[in-house]
Undergrad: 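Handing you a structure now.
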Amino acid sequence: MAHQAHSYHMVDPSPWPILGAAAALLTTSGLAMWFHYHSTQLLALGLLSMLLIMLQWWRDIVRESTFQGHHTPAVQKGLRYGMILFITSEAFFFLGFFWAFFHSSLVPTPELGGQWPPTGISPLNPLEVPLLNTAILLASGVTVTWAHHSITEANQKQAIHALTLTILLGFYFTALQATEYYEAPFSIADGVYGSTFFVATGFHGLHVIIGSSFLLVCLLRLAKFHFTSHHHFGFEAAAWYWHFVDIIWLFLYTTIYWWGS
Amino acid sequence: MWRNLLGLRQISQRTISTAPRRQLENRVAEKQKLFQEDNGIPVHLKGGLMDALLYRLTMGLTVFGTAYVIYELCVASMPKKQK
């Protein structure tokens with residue numbers, strides 16, 4: 001078997017990148033079919049294939065790292081850069097929606113009654129469920145840090161407890177937001193208030209679900225002894241993403257929920 | 001096809017454990033041995049038969065879906081027949 005004379009990872013040929021691109025094609029075409037022809041088959045097919053590909057691609061990365069040892073310090077450094085760049089791109093994504101919110105709310109048009117919140121809109125009380133949600137996410141930031149410390153101190157049991165608590169807090173947030181969405185006296189169709197509110201908080205909620213899923217995978221890997229006290233980048237990436245989700249919520253809460261009410 | 005047969009050979013070499021289920025046992029060493037075996041199988045198929053089945057399912061769905069998209073695109077591009 002030929003051995004490499006460098007510390008980088010030359011991956012085995014893999015079908016997932018091109019199949020992932022095809023799945024993205026199916027999903028976006030599926031959206032177009034749904035919007036224009038009221039057919040959801042293609043969208044369902046696209047989402048299913050996307051799910052299958054994500055599971056297998058990330059499964060392969062776990063194999064390459066934990067089981068084959070390809071994630072040297074040099075490789076890990078690249079992964080760290082990659083995750084930070086990805087999170088930065090997500091920050092810009094949300095920046096756009098905050099821009100839209102401030103564009104409409106700082107100079108409310110006559111059609112809105114020249115005020116913000118617009119005439120006829122009764123905003124949610126920021127001191128009720130939204131404040132609870134803020135406390136939940138802040139607490140989850142503490143518990144995920146606790147989990148990290150437990151991992152570096154090689155305390156398996158405590159790490160599992162802390163990470164489980166983090167995930168449960170994430171689920172609690174999602175459940176509360178779902179009830180808020182259901183009970184809200186306004187909808188996404190209620191002018192620019194509804195649009196900015198539900199698109200910004202909606203995408204945030206999606207990111208909470210993604211982050212919770214990432215943490216859940218980390219919990220399973222933690223339970224299976226994949227992480228060592230010195231090498232657990234998958235967990236660190238999940239924790240970074242989770243902190244990002246928390247910070248976005250803090251911005252959402254202070255601007256849209258509080259200032260905007 | 002050879003790779004599938006090699007995969008089957010790998011499964012028959014796994015040991016069955018009768019350890020209690022209260023806490024998961026550390027099976028990482030077994031996995032390391034399985035995935036570091038010098039058999040030329042790429043990582044996405046190296047786990048055994050399930051890998052191959054899942055791969056075929058994913059490939060099948062995606063290829064079918066892509067063909068369907070191209071078909072629907074052709075249909076949508078054609079003018080609707082007037083009465």
Side-chain angles (χ1 to χ4, degrees), chain A residues 1-2 9 11-30 32-33 36-37 39 41-70 156-157 160 220-228, chain B residues 2-4 6-7 10 13-14 17 19-78 80:
Chain A
M1 182 170 83
H9 183 194
V11 296
D12 290 342
S14 169
W16 311 130
I18 195 164
L19 290 186
L25 171 68
L26 297 191
T27 307
T28 46
S29 310
M33 288 295 290
H36 295 284
Y37 302 106
S39 161
Q41 293 167 317
L42 194 52
L43 179 59
L45 187 58
L47 290 173
L48 176 62
S49 52
M50 239 172 73
L51 183 66
L52 283 169
I53 288 158
M54 287 193 290
L55 287 174
Q56 291 171 93
W57 194 340
W58 285 324
R59 173 207 69 191
D60 288 352
I61 295 174
V62 170
R63 290 176 177 181
E64 289 161 357
S65 56
T66 307
F67 303 148
Q68 293 182 335
H70 283 293
Q156 175 82 345
K157 209 170 78 145
I160 290 178
L220 293 170
R221 293 187 65 203
L222 176 62
K224 290 178 176 220
F225 303 93
H226 286 198
F227 300 133
T228 72
Chain B
W2 275 116
R3 298 217 164 138
N4 286 347
L6 286 167
Q10 281 184 318
Q13 288 171 346
R14 287 201 199 125
S17 166
R21 299 264 239 93
R22 241 179 303 112
Q23 199 200 5
L24 286 172
E25 284 208 348
N26 190 338
R27 295 241 153 88
V28 173
E30 295 168 26
K31 294 283 193 180
Q32 286 170 335
K33 188 159 169 269
L34 173 66
F35 287 103
Q36 288 179 39
E37 203 180 312
D38 191 5
N39 49 28
I41 303 179
V43 72
H44 68 282
L45 295 169
K46 215 169 167 99
L49 182 60
M50 267 311 286
D51 284 7
L53 291 177
L54 215 49
Y55 165 70
R56 279 164 197 253
L57 172 68
T58 309
M59 178 69 90
L61 284 173
T62 313
V63 167
F64 167 74
T66 307
Y68 181 52
V69 165
I70 295 170
Y71 164 72
E72 284 287 358
L73 191 59
C74 292
V75 165
S77 314
M78 294 297 139
K80 271 173 80 170

Undergrad: Using heavy-atom distances under 4.5 Å, tell me whether A/Ser29 contacts chain B through its side chain, its backbone, both, or neither.
TA: side chain
Undergrad: Apply side-chain contact (heavy atoms from CB on, under 4.5 Å) to A/Thr66 and B/Lys31, showing your working.
TA: CA-CA 9 Å; A/Thr66 307; B/Lys31 294 283 193 180; over 6 Å; no
Undergrad: Run the salt-bridge test on B/Lys46 and A/Asp12 with the 4.0 Å N-O cut-off and return the result as yes or no.
TA: no
Undergrad: Kindly determine whether B/Val28 and A/Lys224 satisfy side-chain contact (heavy atoms from CB on, under 4.5 Å), including the steps that lead there.
TA: CA-CA 8 Å; B/Val28 173; A/Lys224 290 178 176 220; 5.8 Å; no
Undergrad: With rounding to the nearest 0.5 angstrom, report the CD to CZ distance, B/Glu25 to A/Phe225.
TA: 8.5 Å
Undergrad: Please give me the minimum heavy-atom distance between B/Pro42 and A/Pro13, naming the atom from each residue.
TA: CB-O, 4.0 Å
Undergrad: Measuring heavy-atom distances to chain B, does A/Ala23 have an atom under 4.5 Å in its side chain, in its backbone, in both, or in neither?
TA: backbone
Undergrad: Would you confirm whether A/Arg63, through its side chain, and B/Gln32, through its main-chain N or O, come within 3.5 Å as a donor-acceptor pair?
TA: no
Undergrad: Considering non-hydrogen atoms only, spot the tightest contact between A/Leu45 and B/Leu61 and give its length.
TA: CD1-CD2, 3.6 Å
Undergrad: Looking at CG of B/Leu45 and CG of A/Asp60, how far apart are the two atoms once the value is rounded to the nearest 0.5 Å?
TA: 8.5 Å
Undergrad: Where do B/Thr66 and A/Ala22 come nearest, in terms of heavy atoms and distance?
TA: OG1-CB, 3.9 Å
Undergrad: Check A/Ser49 against B/Thr62 and note the closest heavy-atom contact, atom names and distance.
TA: CB-OG1, 3.9 Å
Undergrad: Parallel, tilted or perpendicular for A/Trp16 and B/Tyr55, by the 30°/60° rule?
TA: perpendicular
Undergrad: Pick whichever of B/Leu57, B/Val63, B/Val43, B/Leu54 has the most heavy-atom pairs under 4.5 Å with chain A.
TA: B/Val43
Undergrad: Name the region of A/Gln68, side chain, backbone, both or neither, that has any atom closer than 4.5 Å to a heavy atom of chain B.
TA: both
Undergrad: Of the backbone (N, CA, C, O) and the side chain (C-beta and beyond), which part of A/Leu55 lies under 4.5 Å from a heavy atom of chain B, both, or neither?
TA: neither
Undergrad: Check whether A/Met33 gets within reach of chain B through its side chain, its backbone, both or neither, counting any heavy atom under 4.5 Å.
TA: side chain
Undergrad: What side-chain donor-acceptor pairs closer than 3.5 Å can you find for residues 68-78 of chain B, not counting sequence neighbours?
TA:
unit_1: B/Tyr68; atom_1: OH; unit_2: B/Glu72; atom_2: OE2; d: 2.9
unit_1: B/Ser77; atom_1: OG; unit_2: B/Leu73; atom_2: O; d: 2.4

Undergrad: Side chains of A/Leu19 and B/Met59: closer than 4.5 Å at any heavy-atom pair?
TA: yes
Undergrad: Under 4.5 Å, counting heavy-atom pairs only, tell me which of A/Leu52, A/Leu25, A/Leu26, A/Ile53 racks up the most with chain B.
TA: A/Leu26
